[in-house]
Each structure stands twice: as C-alpha cells, then as structure tokens.
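Written out below as structure tokens is the structure these notes cover.
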Amino acid sequence: MIFITAKFPIRPEFADRWPELAGPFTTATRGEQGCLWFDWSRSLDDPTEYVLVEAFRDGDAGAAHVGSAHFQQAQRDLPQYLRATPKIVSQTVDQDDWSELGELAVK
C-alpha cells in the first residue's frame, strides 16, 4: 500500500473550520475504490496544524486519487486556508492494513 502522512498548517482564522472546509474532499476521497483510509487529526501542540494519515491500495489507486476531479478541486480551493505548503511523507509499505502495537497489547 501507499502510506502517506501530511501536516497541514492552517491559517489561524480557519483552523476551527478546517474539518468543514476539507469535508467535501475528505468524503470524496474516502469513496474512492482504492482508498484504505483518509483520517484527519488535530495537533495537540499546535491547534492550527492538522495531520492527515491516508493509505491507498497501491500505486494505481494513488495515481487515480491524484488524477481525480475532487483532488483537482481541492488544489484550487484549499490553499487559500493554508499558512504554508503542507509537508508530506509518502512510502510504499508491504501490508494492507494496520498492524497491532504489540508493546502496548491489551490483555
């Protein structure tokens, strides 16, 4: 799978509304056939930063995502709410779901 984590620095005046502003993009992406997950979290240290954790089945699914109409719409709509360009880590990993964190196993 393609596993991606991205940090989105949101302009302070839009930080509380980011889930709503990114909502259409989030919903459309989650509906893609090759999307495994697409989850936003808000930083505990910086309330203007959101972290996106996303995964796609494979490179073809990732390419379909980037080529989609909703991705292109997000490229037009979302930058106005950002205070800087998002940072990203993208890796191909040999699994298709989350693994358990054995060091914190619940018994």
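For the single chain, residues carry numbers from 1 onward in sequence order.
Note that CE of M1 and CZ of F56 are 11.5 Å apart. Values are rounded to the nearest 0.5 Å. Remark: H65 NE2 to D60 CG distance equals 14.5 Å, nearest 0.5 Å. Going from atom CG of L52 over to atom CD1 of I4 covers 8.0 Å, rounded to the nearest 0.5 Å. How far CD of E20 is from OG1 of T26: 12.0 Å, rounded to the nearest 0.5 Å.
Hydrophobic clustering (side-chain heavy atoms under 4.5 Å, transitive across Ile, Leu, Val, Met, Phe, Trp, Tyr) groups Y81 together with F71. In this structure, V53 is not a member of the same hydrophobic cluster as L44, with clusters built from ILVMFWY side-chain heavy atoms closer than 4.5 Å.
Considering all non-hydrogen atoms of both residues, R83 and I10 come closest at NE-O, 3.4 Å. Nearest heavy atom pair, residue Q80 against residue R11, reads O-NH1, 2.7 Å. Taking every heavy atom of both residues into account, P9 and P86 meet most closely at CD-CA, 4.0 Å. Nearest approach of T48 to P12, heavy atoms of both residues: CG2-CA, 3.9 Å. Annotation for E32 and S68: closest pair OE2-OG, 4.1 Å, computed over non-hydrogen atoms. Counting all heavy atoms, side chain and backbone alike, Q72 lies closest to G67 at NE2-O, 3.3 Å.
Between F8 and W18, the angle of the ring planes lies from 30° to 60°, which puts this pair in the tilted group. Relative ring orientation between W40 and Y50 is described as perpendicular, the plane-to-plane angle rising above 60° on a 0-90° scale split at 30° and 60°.
Side-chain contact between V51 and T5: present, with at least one pair of heavy atoms (C-beta onward) separated by less than 4.5 Å. Contact check for S90 versus I2: side-chain heavy atoms found under the 4.5 Å cut-off.
For the pair R42 and D16, the salt-bridge criterion is met [side-chain N within less than 4.0 Å of a carboxylate O].
With R30 contributing its side chain and F38 its backbone, the two residues share a donor-acceptor pair below 3.5 Å. Side-chain atoms of Q91 do not come within 3.5 Å of backbone N or O of V93 as any donor-acceptor pair.
D45 and S43 share no side-chain donor-acceptor pair at under 3.5 Å.
Within a 6.0 Å radius of CD in E100, other residues, nucleotides and ligands contribute 12 heavy atoms or fewer.
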